[in-house]
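Accompanying notes for the structure given below.
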Amino acid sequence: MAAVRLESVSKRFGKNTVVDDVSMQVPDREFLVFVGPSGCGKTTTLRMIAGLETISDGKIFIGDRVVNDVEPRDRNIAMVFQNYALYPHMNVYENMAFALKLRKMSAAEIDRRVKEAAEILGIAHLLKRRPKEMSGGQRQRAALGRAMVRDPDVFLMDEPLSNLDAKLRVQMRVELAQLHRRVNTTTIYVTHDQVEAMTMGDRIVVMRDGVIQQTAAPKELYDHPANRFVAGFIGSPPMNFLAAELLSEGEKLYARGNGFKTVIPAARAERLGELPTKKVVIGIRPEDVRVTATAGADSDSTVEATVDVVELLGAEQLGFVIVGDQNLTIRTSPDVALPLGSKVSLAFNAAKLHAFDPESEAAFF
């Protein structure tokens with residue numbers, strides 16, 4: 001087992017900087033997830049840790065050793081790829097044993113490791129099959145087994161579930177989390193799927209354009225995003241954003257925009273300082289918007305909306321409504337009536353409001 005540390009790591013391809021001055025620490029045994037849109041630099045960062053990409057600047061440590069110039073095979077890491085990368089002419093046993101044979105391990109030790117990993121992953125009955133004879137989920141388990149038998153210091157996983165169907169991805173997320181608890185090895189996982197990130201990671205690194213936007217535990221990331229990008233990327237459906245301005249009425253501070261007005265709780269208003277007319281972007285998650293009986297039913301939060309689209313998802317429904325000239329998504333019980341084209345009154349949960357600077361996009365709260 002080993003910790004991983006990056007110090008001011010950058011990667012350039014010609015004049016293009018794809019990873020920019022990344023510094024971070026992955027403690028021993030942690031499950032860390034890199035998440036972000038395509039092209040944000042997360043896979044390049046993983047490949048630099050693996051040694052598959054040379055770094056342009058900075059240092060990478062695995063344990064106490066600087067590995068900048070260490071060959072991938074000598075870093076004692078194991079990587080699981082998006083396309084599984086199994087040898088098609090070998091059966092599962094041979095695929096899992098291959099790296100151990102290169103290390104000149106004894107046949108008895110190889111057999112023990114392969115069968116032990118196969119038992120843990122539930123593929124002991126598949127050891128004689130070739131990759132083409134297995135389903136995507138079975139091939140994924142075989143790829144994980146090939147990594148496990150090496151007993152690495154660090155697991156590196158590059159979108160390993162992206163080729164699976166939705167139902168199998170959910171199952172494999174659970175199995176990967178259980179596997180990590182069992183083998184207890186430092187794991188760095190890359191995905192573009194924020195649901196995977198939220199459900200699997202001890203901590204999450206959100207990247208954008210080669211720069212780390214925020215690193216935090218899932219709940220901290222969800223409840224206290226550092227900026228508008230993180231707030232919009234983490235959460236499904238994403239957070240709503242509404243242009244507004246701040247105004248004082250008596251002892252209360254409100255955010256008012258086209259079609260809505262909502263109070264800013266005193267504890268959060270203090271973070272804004274003396275800004276009674278400042279323009280802001282208000283953020284509110286779909287589950288923090290409720291349908292009220294009549295207009296103005298909640299004097300501290302009045303939102304008038306027109307129902308545009310409704311999606312019934314079984315246990316819940318999503319309403320896509322128009323507030324003034326802005327779009328808003330709400331998440332409600334399917335028992336709440338939302339007739340298409342109807343006018344509805346909404347209220348924001350003021351305690352769950354977020355506010356962002358419209359220029360820098362940094363979070364005020």
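The shown structure was predicted, so the numbers you read here are calculated from the model rather than taken from an experiment.
- Residues forming a side-chain contact (heavy atoms from CB on, under 4.5 Å) with T329 (at least two apart in sequence, or on another chain): P237, N240, P286, F320.
- F348 is not listed as a side-chain neighbour of D288, based on a closest heavy-atom distance of 4.5 Å or more.
- Proximity of V92 to M134: side-chain heavy atoms (C-beta onward) are separated by under 4.5 Å at one or more points.
- At least one side-chain heavy atom of K261 sits less than 4.5 Å from a side-chain heavy atom of E249.
- By the 4.5 Å heavy-atom criterion applied to side chains, E316 and E287 are not counted as neighbours.
- Linking ILVMFWY side-chain heavy atoms closer than 4.5 Å, directly or via other members, places L52 and V190 in a single hydrophobic cluster.
- A distance of 12.0 Å separates CD1 in I264 from NZ in K252, rounded to the nearest 0.5 Å.
- Note on E7 versus K59: no salt bridge recorded, every NZ/NE/NH1/NH2 to OD/OE distance being 4.0 Å or above.
- Grouped with V170 in a hydrophobic cluster is no other residue, since no side-chain heavy-atom contact under 4.5 Å to another Ile, Leu, Val, Met, Phe, Trp or Tyr is found.
- Follow the hydrophobic side-chain contacts under 4.5 Å out from L46 and you never reach V211; the two are in separate clusters.
- Among V80, N163, I123, the single residue meeting the side-chain contact (heavy atoms from CB on, under 4.5 Å) criterion with Q140 is V80.
- With rounding to the nearest 0.5 angstrom, the CG atom of L100 is 10.0 Å from the OG atom of S106.
- A continuous path of ILVMFWY side-chain contacts below 4.5 Å connects L346 to L340, so both sit in one hydrophobic cluster.
- Counting heavy atoms from C-beta outward, V19 and S10 have side chains that stay 4.5 Å or more apart.
- Every residue was checked against the side-chain hydrogen bond (donor to acceptor under 3.5 Å, both in side chains) condition with E220, not counting sequence neighbours, and none meets it.
- Taking 4.5 Å as the limit, some side-chain heavy atom of R169 sits within range of a side-chain heavy atom of E196.
- Note that the CD atom of E361 and the CD atom of E359 stand 10.5 Å from one another [nearest 0.5 Å].
- Listed by chain and number, the residues in a side-chain contact (heavy atoms from CB on, under 4.5 Å) with E71 are R73, D74 (sequence neighbours excluded).
- Side-chain polar atoms of T186 and D28 form a donor-acceptor pair below 3.5 angstrom.
- A salt bridge does not link D153 to R75: none of the charged side-chain nitrogens sits closer than 4.0 Å to a carboxylate oxygen.
- Screening residues 201-229 for ring pair (Phe, Tyr, Trp, His ring centres under 6.0 Å), with sequence neighbours left out, gives F229-F233.
- A donor atom on one side chain and an acceptor atom on the other are not found under 3.5 Å apart for N258 and Q326.
- Using a 4.0 Å cut-off between charged side-chain N and carboxylate O, E109 and R112 make a salt bridge.
- Each ring pair (Phe, Tyr, Trp, His ring centres under 6.0 Å) pair with one or both residues in residues 95-145, not counting sequence neighbours, appears once here: Y87-F98.
- Remark: K101 pairs with no residue by the salt bridge (Lys or Arg N to Asp or Glu O under 4.0 Å) rule, at least two apart or across chains.
- The line from CE of M148 to OG1 of T185 is 8.5 Å long, rounded to the nearest 0.5 Å.
- Legend: residues meeting side-chain contact (heavy atoms from CB on, under 4.5 Å) with K343, ordered by chain and number and at least two apart, are T306.
- The only option from I188, L32, T215 that meets the side-chain contact (heavy atoms from CB on, under 4.5 Å) definition with M24 turns out to be L32.
- Residue R182 qualifies as open at atom CZ: its count of foreign heavy atoms under 6.0 Å is 12 or below.
- With sequence neighbours left out, the side-chain contact (heavy atoms from CB on, under 4.5 Å) criterion links L312 to Q317, P334.
- The CG atom of L176 sits 9.0 Å away from the OG1 atom of T187 when rounded to the nearest 0.5 Å.
- Ionic pairing of K115 and E119 is not present here: no N-O contact between side-chain nitrogen and carboxylate oxygen is shorter than 4.0 angstrom.
- Contact annotation: the side chain of R290 never approaches that of N349 to less than 4.5 Å [non-hydrogen atoms, C-beta and beyond].
- Apart from M239 itself, the hydrophobic cluster it occupies contains F241, V281, F356, where clustering links Ile, Leu, Val, Met, Phe, Trp and Tyr at side-chain heavy-atom distances under 4.5 Å.
- Side-chain heavy-atom separations under 4.5 angstrom define the hydrophobic clusters, and V195 shares its cluster with no other residue.
- Residues T199 and R173 bring a donor and an acceptor atom of their side chains to less than 3.5 Å of each other.
- Proximity of L86 to R130: side-chain heavy atoms (C-beta onward) are nowhere separated by under 4.5 Å.
- For residues 27-63, the pairs satisfying ring pair (Phe, Tyr, Trp, His ring centres under 6.0 Å) are F31-H180, F31-Y189, with sequence neighbours left out.
- For R256, the CZ atom counts as loosely surrounded, since its 6.0 Å shell holds 12 or fewer non-hydrogen atoms of other residues, nucleotides or ligands.
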